[in-house]
Student: 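Dumping the structure here so I can ask a few things about it.
Naming: A, B, ... by sequence-line order, numbering from 1 per chain. Treat the numbers as computed from the prediction; the structure is a model and nothing was measured.
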Protein chains: 4
Amino acid sequence: MILRMPKVSEEHRARRRDQILTAAMRCAAREGFHKTTMSAVIRESGLSAGAVYLYFSSKQELIRAVAGTAVGAVAGTLGALTEPENVVPPEQALLATTSRILEVGRAHDVEIIRVALQAWAEAARDPAVLALLHEEIAGIRAAWTDYAVAAIAAGHLAADADPVAVARTLMSMLPGFMLLRLVDPSTDPEQYAAGLAALRRPASPR
Amino acid sequence: MILRMPKVSEEHRARRRDQILTAAMRCAAREGFHKTTMSAVIRESGLSAGAVYLYFSSKQELIRAVAGTAVGAVAGTLGALTEPENVVPPEQALLATTSRILEVGRAHDVEIIRVALQAWAEAARDPAVLALLHEEIAGIRAAWTDYAVAAIAAGHLAADADPVAVARTLMSMLPGFMLLRLVDPSTDPEQYAAGLAALRRPASPR
Amino acid sequence: MILRMPKVSEEHRARRRDQILTAAMRCAAREGFHKTTMSAVIRESGLSAGAVYLYFSSKQELIRAVAGTAVGAVAGTLGALTEPENVVPPEQALLATTSRILEVGRAHDVEIIRVALQAWAEAARDPAVLALLHEEIAGIRAAWTDYAVAAIAAGHLAADADPVAVARTLMSMLPGFMLLRLVDPSTDPEQYAAGLAALRRPASPR
Amino acid sequence: MILRMPKVSEEHRARRRDQILTAAMRCAAREGFHKTTMSAVIRESGLSAGAVYLYFSSKQELIRAVAGTAVGAVAGTLGALTEPENVVPPEQALLATTSRILEVGRAHDVEIIRVALQAWAEAARDPAVLALLHEEIAGIRAAWTDYAVAAIAAGHLAADADPVAVARTLMSMLPGFMLLRLVDPSTDPEQYAAGLAALRRPASPR
DNA sequence: TATGAATGAGATTTCATTCAT
DNA sequence: AATGAATGAAATCTCATTCAT
């Protein structure tokens, strides 16, 4: 029996995979996961049907990969909130985060926010996507919890605040921001953060 | 000219439409809009194919109706935030709202939250659904703006707070809550509201 | 057992039948027999589905009736070619006939020529329509044979001409005329007859 | 840039197309265009549904191709009427033509005449088929006009005959011949030509 | 590895016809 | 006689996937 060296480099494989993934994202941003046909992905990728199936064994697997990429890309940008030397108050952290979400969307030339929306919907029917979303959310929550601890320490929040609860509430504003952007593209991180600031500003005693 | 009575009552027609809509929602909650087949809806509704198409001229039209119903049902419950005689602070308003969302889900025996998620995704591809979502969100925003004005008057918020910004930020927490519920069904209105309370509690001077 | 008198007059029945037939012809002229839906006929007739089926027991029966009407209307106009006291030469007979075909088309406000075309096609698949067409053609042929006999007698044709052959050939020009009209509505009876005249004019000896 | 050889030969594609076209013609000859189901064509062709739609993007497109083939096949045989060295009189030209139409029908083992009838009916509802018929008829007319010019020169027709009018009238006898054949398969080119001969034979002076 | 023609189950939709009223 | 809502078989077409090359 002959042991074959891989015919093409690992790097080549990775490039191909990415090519397909990018094509699929573009399609999903336009038509959603289930109105996107493999045919469309194949055309957009510039590869052949056979080639695509060499890298993803089924449409559902490709959907999972796309969902993972989109959710991960959003999540990935939210990891570095705590720079301990310079902890900002919550409204500034929120501003930084929403701004970064928009940047990610611009960086990939596909509207990643739209794909993330598709991924949430898909999580409601595919347990694998749900698990994946769960994990990403856990990561985001952990980052925000770290931030909350630091913010409490820095005196931006009450000393008795529960960092986990604060983290959950803060991070839960991001989907809303994304949805508002979809519905009204003029929605803007500054205004958005201003709302939180207003909520936190104490009422002057009457 | 002869005025003819309708052969079947308007009420009959409405009941039929509802029957189909309910069946479609149940299916959409399970499989999403585009993995739900008309066959499944027809089976679930107990009607014939022809009958379904008598009330909805295409699958896409049915999807729009379902999306509208789900988004509307959620929005509908959020209208009565301001009972002027007794304006509660934001964290309690949030608690009331998230609780009501869960109630709506229980009331309809379909998981309306899942369908709402599908509707958001659909808004990204069907302009008609986007328009519909836009309108519902405008309604919710208006209700929260009324609330914000009252809350400012009641001294729950700073006098110089912008009610519109507050409204947008507060209401934007609802999609996040729904998404968190999907990922982790133990997510709970109380804990959730506690996070906002903690965010709003002033840090004691050091 | 009770013997019932007919509830409505025979005349009423005939009017209803005609109403349906006319509606069906209009539809057939537009879309052909098999792309016309019963729904369209029902709408066009202003009656209800049930009513239509009271007069024609199936779509195929209605098609046969329409085919019969159209073919019959064309044939009916070609019966009076021989007015023995004044027998015209063939090119004038042809002119009279093609002109009359156009008149029939104008008289019914449906383009009866188009329906006749549908009927020919239908004859290729429905033996009942074939039989009907056969009969009408036999009638037309008989009329033309009478004409040929008279034309021979009147010296418009050679004394040894076979009236049956002449009749067949002359009458066979009518479908061609109708088809040419369909393709080129400027086709005109005068020009058309002129072609036959030219064919019949003897070449001068060289 | 890489020039790729086609995976399958052009010839292969053409053979497949023909396979489908032939199957469709057989079906159309039996049932007409609109009572022929795609299922029937698929079965008759021996291919799969997908394969058929790879070559014809819709039923209507297939119908157009079939109509074009049938009309074209009939028209194609009528091109070589003028052999200048030996121009025959009109009745012989007609005999040659009608005989050739029957040959075409026998050559294809489908009854092409029936399909041509379907095509005429279709021309009444599909402008694309009308255009196609228009073009074929123009071709036939041109051939007959060439013939008429030659026949006039050869002294078979009067010197002042209008070749265009003669051509139109002569060629218009073909649809009639075809329709008569449908209704009465014993209709025969010889008898048919005899009718024209009789029409052209001058009446002896009385 | 890569191709892309071919597959065929299954999706959506239509429409001739019926029948309770 | 007349209505028109309802039926459900059947039509057209799609599309995820395979496999010979």
Student: Flag the pair A:Gln60 / A:Arg64 as yes when at least one side-chain heavy-atom distance between them is below 4.5 Å, and no otherwise.
Tutor: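 A:Gln60 vs A:Arg64: side chains touch.
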Student: Paired stems touching DNA chain F, three or more consecutive Watson-Crick or G-U pairs with both distances under 3.5 Å?
Tutor: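 E:2-21 with F:2-21 - these are the stems of 3 or more pairs that involve DNA chain F.
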Student: Among E:dG8, F:dT17, E:dT1, which is the nearest nucleotide to the side chain of A:Ser58?
Tutor: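 Looking only at side-chain atoms, A:Ser58 lies closest to F:dT17.
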Student: Can you identify which nucleotide, out of E:dT12, E:dA16, E:dG8, has its nearest atom closest to the D:Ser48 side chain?
Tutor: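 For D:Ser48, the side-chain atoms sit closest to E:dG8.
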Student: I want to confirm an ordering. Mapping C:Lys35 and D:Val52 to their closest nucleotides on DNA chain E, which one lands closer to the 5' end?
Tutor: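 Per heavy-atom nearest nucleotide, the more 5' residue is D:Val52.
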Student: Which of these nucleotides, E:dT7, F:dT12, F:dA1, is closest to any side-chain atom of D:Ala51?
Tutor: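 Nucleotide nearest to D:Ala51's side chain: E:dT7.
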Student: Name the nucleic acid region contacted by D:Thr36, choosing base, sugar-phosphate or nothing; use a 4.0 angstrom heavy-atom cut-off, strictly under.
Tutor: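 Sugar-phosphate, backbone atoms only, no base.
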Student: Consider the side chain of D:Thr37, meaning its heavy atoms from C-beta on, and name the nucleotide among F:dT7, E:dA6, F:dA11 that approaches it most closely.
Tutor: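 Looking only at heavy atoms from C-beta outward on D:Thr37, the closest nucleotide is F:dA11.
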Student: side-chain hydrogen bond (donor to acceptor under 3.5 Å, both in side chains) with D:Glu44: which residues, sequence neighbours excluded?
Tutor: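 With sequence neighbours excluded, D:Glu44 shows a side-chain hydrogen bond (donor to acceptor under 3.5 Å, both in side chains) to D:Arg26, D:Arg30, given in chain and number order.
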Student: Between E:dT13, F:dA16, F:dT7, which nucleotide has the shortest distance from any of its atoms to the side chain of B:Tyr53?
Tutor: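 Nearest to the side chain of B:Tyr53 among the choices is E:dT13.
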Student: So, is A:Tyr55 close to the E:dT1 phosphate, meaning a side-chain N or O under 4.0 Å from OP1 or OP2?
Tutor: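 A:Tyr55 to E:dT1 OP1/OP2: no side-chain N or O under 4.0 Å.
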Student: Determine: side-chain N/O of D:His12 to OP1/OP2 of F:dT21, distance under 4.0 Å, yes or no.
Tutor: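 It does not, given that no N or O in the side chain of D:His12 lies less than 4.0 Å from OP1 or OP2 of F:dT21.
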Student: Would you jot down, in residue-number order, the residues of residues 15-26 of chain A having a non-hydrogen atom under 4.0 Å from DNA chain F?
Tutor: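 None, since no heavy atom is under 4.0 Å.
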Student: Please determine, for the side chain of D:Ala49, which listed nucleotide (E:dA5, F:dT14, E:dT14) has the closest atom?
Tutor: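 Among the listed nucleotides, the one closest to the side chain of D:Ala49 is F:dT14.
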